[in-house]
Amino acid sequence: MAYEIPCLYMRGGTSKGPFFLARDLPADTALRDAVILSAMGSPDVRQIDGLGGARPLTSKVGILSIPSDGVADLDFLFGQVGIADALVDTTPNCGNMLAAALPAAIEAGLIRGDQGSTTRRVRTVNTGVVAEITIQTPGGRPVYDGEARIDGVPRPAAPVACGFLDTEGSLAGSLLPTGNVRDTIDGVEMTLIDNGMPVMVIAAASLGLRGDETPEELDANTSLKARIEALRLKAAPLMNLGDVSRKPVPKITLVSAPRAGGAIATRTFIPHDVHTSIGVLGAVTVATAAVLPGSVAYDVANPGQGDLRTLSIEHPSGEFSVELGMDGTRVMRAALLRTARLLMRGTVPVSPSIWRGPAA
Ligand code: NQM
């Protein structure tokens, strides 16, 4: 008989995927990944035999556990599941899936919700970044209906407030891993930066673009994508990321002057497909570049002023507001709003040819 793994299928921000408890999955990483790949239907471009949505934003998983070191209240391990590739990558952060971690943990009985609202420190195990997350929990249970709106999600929902500290150099080791605010690779100027997500920030104009092209137009531009990938493979070692030919980082954000009253306009490659909006820590990192004098983003941005600034990052489906707490020109903390929703609660049967369950 197939072993059935308890699973919560959650939307987190503009992404979605199944959440599992670490204790319900194999402890061995290779076996765990084989189970996840089979649950998601990978490798297969359609993910027809699994839960994956055949796009990077819908081919993600979250794995939850309670840490014993006291650094956080909840551990969230994020997995970017390859679609055509048999790969579960736990390298980068994902702030969108993170938004669903606390409600999922309460739904699963891993954490007890407080009366009214629940605030907990959630660590993304991938990089050690800790976020303070607050969700609405009347009667101690998460609610999903509400009035908060985020672009890229059609319906309003209950707010998930996310606050980040210490995101600098999450994977690249420091905010500006090359030590420069601007580098030039193959004649293209860029700012290589990591404030929660390693990103190559490039002016759209440097690649002959306007910066307001649709994701479909950019996705169809195969010569542009090949050029960006060549730049990415050269930039990654300079960002301390090594060979990234099979890694989803760094991301590439093309920036241009804002068009809708925001701080900056963006189009983001993650890294091979174009994001229909922008990732959470991707947005934090681009906002950080936008307020950094000398960066390629600063050139085109409306960076605002003062120690507390809200930057509206324009993206293909609207905007993403990031509140930055600054000390001079240095970003000390970031706060932002997401929403999340429980989409389905159930179990995922695993073929006995892959795993027979914890007792076997
Ligand atoms: O940057 C997509 C997403 C993400 C990542 C990506 C994210 C983040 O929208 O924190 O949320 O960049 O691959 O889920």
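In what follows, every heavy atom counts, from backbone to side chain, and hydrogens, waters and symmetry copies are set aside. Atoms within each ligand, like the ligands themselves, are counted from 1 in listed order.
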> What about H275: any of its N or O atoms under 3.5 Å from an N or O on ligand 1?
Replying inline: yes
> Under 3.5 Å, N or O to N or O, is C94 touching ligand 1 that way?
Replying inline: no
> Purely on distance, is any nitrogen or oxygen of M97 under 3.5 Å from one on ligand 1?
Replying inline: no
> Donor-acceptor pair, E107 side chain versus A105 backbone, under 3.5 Å?
Replying inline: no
> Which ligand 1 atoms are under 4.0 Å away from a heavy-atom of G282?
Replying inline: 1 (O), 8 (C)
> Can any side-chain N or O of S15 pair as donor or acceptor with the backbone N or O of G12 at less than 3.5 Å?
Replying inline: no
> Would you say the side-chain atoms of R259 pair up with the backbone N or O of A257, donor to acceptor, closer than 3.5 Å?
Replying inline: yes
>> Under a 3.5 Å cutoff, is there a donor and acceptor pairing between the side chains of T119 and T134?
In response: yes
> In terms of side-chain geometry, is the basic nitrogen of E132 or R121 positioned less than 4.0 Å from the acidic oxygen of its partner?
Replying inline: no
> Under 3.5 Å, is there a donor-acceptor pair between the D151 and S317 side chains?
Replying inline: no
> Closest non-hydrogen protein atom to atom 13 (O) of ligand 1, residue and atom name please, with distance?
Replying inline: K251 NZ, 2.8 Å
> How close does the nearest protein non-hydrogen atom get to atom 3 (C) of ligand 1, and which residue and atom is it?
Replying inline: N96 ND2, 3.2 Å
> Does the N or O separation between S15 and ligand 1 drop below 3.5 Å for any pair?
Replying inline: yes
> Which of the atoms of ligand 1 are close to M197, meaning less than 4.0 Å from one of its heavy atoms?
Replying inline: 1 (O), 8 (C)
> What part of L57, side chain, backbone, both or neither, has a heavy atom within less than 4.0 angstrom of ligand 1?
Replying inline: side chain
>> For ligand 1 and I278, I'd like to know whether there is a polar contact (N/O to N/O, distance under 3.5 Å).
In response: no
> Is N126 reaching over with its side chain to a backbone N or O of N93, donor-acceptor style, under 3.5 angstrom?
Replying inline: no
> Which other residues belong to the hydrophobic cluster containing M344, where Ile, Leu, Val, Met, Phe, Trp and Tyr are joined when side-chain heavy atoms lie under 4.5 Å apart, directly or via other members?
Replying inline: Y3, I5, Y9, F20, L25, L31, V35, I36, L37, M40, L51, V61, I63, L77, V81, V88, V125, L343, V348, V350, I354, W355
> Any non-hydrogen atom of K60 lying under 4.0 Å from ligand 1?
Replying inline: yes
